[in-house]
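Reviewing the structure listed below.
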Amino acid sequence: MGTLISSCVALGLDLECVTDRERNLIQEVFPVEVDVPELRAQILKGEDPLGDMFCALRSSTERRAEGQTFTPHEIVEQMVSWAANKAVPVRVVDPGTGSGRFIIRALKKFPSAKGIAIDTDPVALLIARANAHVCGLSQRIDFRLCDYREALIEKINGVTLYIGNPPYVRHHNIASRWKEWYAVTAKSLNLPSSKLAGLHAHFFLKTAKNMSPGDIGAFITSAEWLDVNYGSSLRKLLVGHLSLDELHVFDPVSLPFANAQVTGVVVYFSRDAKGNAVLVNRVKSPSDLGNVYKAVRVDRLTMETSARWSSVGRERKKYPRGYVELGEYFRVRRGTVTGANKIWIARRGDVDLPESVLFPSVTKARELFAAGESLTSDLELKCVIDIPFDYQSLDDDSVARIERYIAYAQSLGVDRGYIACHRRAWWSVGLAEAAPILATYMARRPPRFVRNCVGARHVNVVHGLYPRADCADRDLKLLVEYLNNNVQLSDGRTYAGGLTKFEPKEMERLMVPSFDVLREGS
């Protein structure tokens with residue numbers, strides 16, 4: 001990190017303006033000689049050698065924890081171009097500035113505007129300062145080392161552009177005080193809130209509180225909020241207070257960020273400037289952001305009433321007569337949650353337990369992908385240990401072996417786990433009966449449906465399809481073939497990382513030919 005900080009200093013940024021935390025960083029490193037002319041040349045060409053150095057020095061795991069994902073220049077350019085077509089802002093606010101890619105490009109585009117660059121990372125802010133200094137923009141930017149949610153954005157005359165890549169941090173890593181802030185702030189705008197909301201949702205909410213009529217915004221985020229329950233607050237915010245203009249949804253297989261398995265969506269909004277429709281564009285590459293000839297205009301009321309946005313604007317499939325929802329034939333159920341896989345999942349021979357409590361089970365989704373369309377052997381499957389509630393009725397040897405295992409599990413604190421505490425007996429997993437069809441439900445490819453020819457059980461990594469009435473083997477085979485050839489990613493809901501998920505009820509709503517139609521076509 002010394003070389004990076006030395007590079008920032010060597011490029012000539014104003015050391016009188018840095019914060020104490022930035023100054024401490026500078027004082028702690030041993031100065032390193034750097035090739036200043038080369039760095040300046042790269043920055044002036046529009047490259048970001050300091051940002052690239054930062055990403056190389058700080059691992060993707062470390063950056064992911066802070067939501068530090070730098071946006072490709074092509075996407076930055078497209079987003080700034082959209083803003084230029086909407087208004088001439090007198091101020092630009094970049095709420096998670098990183099290396100300054102957005103605010104520098106925006107201030108070049110709007111030579112009369114001033115900027116506010118905000119970040120919580122002193123290293124990132126030093127990089128942004130250095131980049132801005134080389135580009136001759138440092139005097140036009142107010143650099144702030146703080147949390148955007150705490151930043152005071154003063155009211156001004158004229159249009160403010162809010163632009164950037166709000167950090168994606170999952171709710172697990174958000175402090176409780178900020179979850180409370182989110183709930184209170186959402187309530188002030190008459191919006192529902194959820195403790196599961198990611199940090200990017202917080203940034204949208206803060207922006208809504210900051211914006212004045214006429215202000216505009218352009219954010220790129222992960223796409224999971226388009227469909228998930230916590231995203232309902234953000235969706236309501238966008239069709240209401242923030243007046244969504246355009247929604248550009250990246251294809252799940254297109255990953256807009258380097259070294260990050262994240263599906264992207266670009267959102268353009270204008271405070272209180274509601275139009276009759278929202279432009280929805282399906283994006284396969286960054287260049288498609290500027291090509292809207294295939295985009296569709298979706299009535300605002302449709303956006304307001306749609307529970308999922310990843311499929312909004314997509315032409316609905318038309319099904320011929322004789323098609324029904326999968327749920328008419330099957331109930332789709334999640335697999336069992338063990339609560340402690342290391343204790344309750346094992347291979348035969350690895351535990352001293354009677355065969356009667358060992359159940360070969362699908363415990364990895366990849367086991368179904370590898371099976372083809374039929375699971376015909378359970379020899380490679382691990383077993384779920386499912387001890388019956390009344391195990392004392394078994395023979396003496398079985399009881400003794402089971403009680404030794406229960407004592408072992410208890411010594412590891414398994415009985416105090418959340419799932420265990422909510423069972424009738426903490427040591428009884430309670431596997432469901434074998435399902436004749438098993439299905440994966442979360443992947444970056446369509447789900448795999450597999451006939452369960454060996455009666456394997458399953459845990460919560462896959463779904464089980466249970467027939468509502470008796471089904472012939474031939475019908476099961478025909479149905480599985482159809483599902484594997486026709487179900488698409490677009491039928492599910494997209495989460496961060498490009499993962500597409502099919503909840504049980506969503507899987508039940510899949511349209512399939514009736515068994516009569518399947519038989520006729522075979």
Side-chain angles (χ1 to χ4, degrees), residues 307-308 311 316-338 356 359-365 367-378 381 383-384 386 388-389 424 428-443 446-493 500-522:
R308 294 173 51 215
S311 58
R316 290 182 177 273
K317 295 179 183 178
K318 295 181 180 179
Y319 296 94
R321 197 182 195 123
Y323 276 62
V324 299
E325 289 189 350
L326 179 63
E328 290 196 25
Y329 285 139
F330 291 86
R331 294 183 181 89
V332 180
R333 295 177 180 169
R334 300 180 190 278
T336 305
V337 178
T338 72
S356 62
F359 294 84
S361 303
V362 173
T363 59
K364 301 286 185 184
E367 292 166 348
L368 294 190
F369 284 116
E373 293 194 340
S374 297
L375 183 63
T376 57
S377 172
D378 62 13
L381 299 179
C383 293
V384 171
D386 193 10
F389 179 74
R424 184 183 178 193
S428 185
V429 169
L431 279 173
E433 291 298 315
I437 298 176
L438 299 172
T440 63
Y441 66 86
M442 181 175 270
R448 167 61 61 174
F449 296 84
V450 176
R451 290 172 62 221
N452 183 10
C453 299
V454 293
R457 307 300 178 90
H458 66 289
V459 296
N460 63 321
V461 297
V462 298
H463 290 333
L465 278 63
Y466 294 87
R468 297 180 184 274
D470 290 341
C471 292
D473 286 343
R474 180 193 175 205
D475 289 341
L476 293 177
K477 182 175 183 295
L478 292 172
L479 180 63
V480 165
E481 288 176 354
Y482 175 85
L483 290 168
N484 284 329
N485 288 322
N486 291 277
V487 177
Q488 302 174 0
L489 282 173
S490 58
D491 295 319
R493 60 173 66 183
T500 298
K501 185 177 183 181
F502 289 76
E503 298 287 2
K505 290 300 181 184
E506 290 170 337
M507 195 167 278
E508 288 184 2
R509 286 194 291 270
L510 293 173
M511 298 299 292
V512 298
S514 68
F515 284 137
D516 288 339
V517 172
L518 284 171
R519 293 182 202 119
E520 289 173 5
S522 65

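Heavy atoms only: backbone and side chains are in, while hydrogens, waters and symmetry mates are out. On a predicted model such as this, the values are computed, not experimentally measured, just so you know.
Between the side chain of Thr440 and the main chain of Arg448, a donor-acceptor pair closer than 3.5 Å is present. Panel note: side chain Asn452, backbone Ala435; a donor-acceptor pair is recorded below 3.5 Å. Without hydrogens or angle criteria, Tyr466 side chain to Glu433 main chain gives a donor-acceptor distance under 3.5 Å. Judged by distance alone, with hydrogens and angles left aside, the side-chain atoms of His463 form no donor-acceptor pair with the main-chain N or O of Met507 at under 3.5 Å. One N or O on the side chain of Asp386 and one on the backbone of Leu431 form a donor-acceptor pair closer than 3.5 Å.
For the atom pair CD of Glu503 and CZ of Arg334, the computed distance is 4.5 Å after rounding to the nearest 0.5 Å. In this structure, Leu465 CG and Glu508 CD are separated by 8.0 Å, a value rounded to the nearest 0.5 Å.
With sequence neighbours left out, the side-chain hydrogen bond (donor to acceptor under 3.5 Å, both in side chains) criterion links Asn460 to no other residue. Taking the side-chain hydrogen bond (donor to acceptor under 3.5 Å, both in side chains) definition, one finds that Glu506 meets it with Arg493, sequence neighbours left out. By the side-chain hydrogen bond (donor to acceptor under 3.5 Å, both in side chains) test, Arg509 pairs with no residue at all, sequence neighbours left out. Contacts of Lys364 classified as side-chain hydrogen bond (donor to acceptor under 3.5 Å, both in side chains), with partners at least two apart in sequence or in another chain: none.
Note on residues 478-487: pairs passing side-chain hydrogen bond (donor to acceptor under 3.5 Å, both in side chains), not counting sequence neighbours, are Glu373-Asn484, Lys477-Glu481.
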- Derivation and outcome, side-chain contact (heavy atoms from CB on, under 4.5 Å), residues Leu510 and Val487: CA-CA 8 Å; Leu510 293 173; Val487 177; 3.9 Å; yes

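Nearest heavy-atom pair across Leu375 and Leu381 is CD2-CD1, 4.2 Å.
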When the side chains of residues 322-330 are checked against the rest of the protein, which donor-acceptor pairs come out under 3.5 Å, sequence neighbours left out?
residue, atom, partner, partner atom, Å
Tyr329, OH, Phe515, N, 3.1

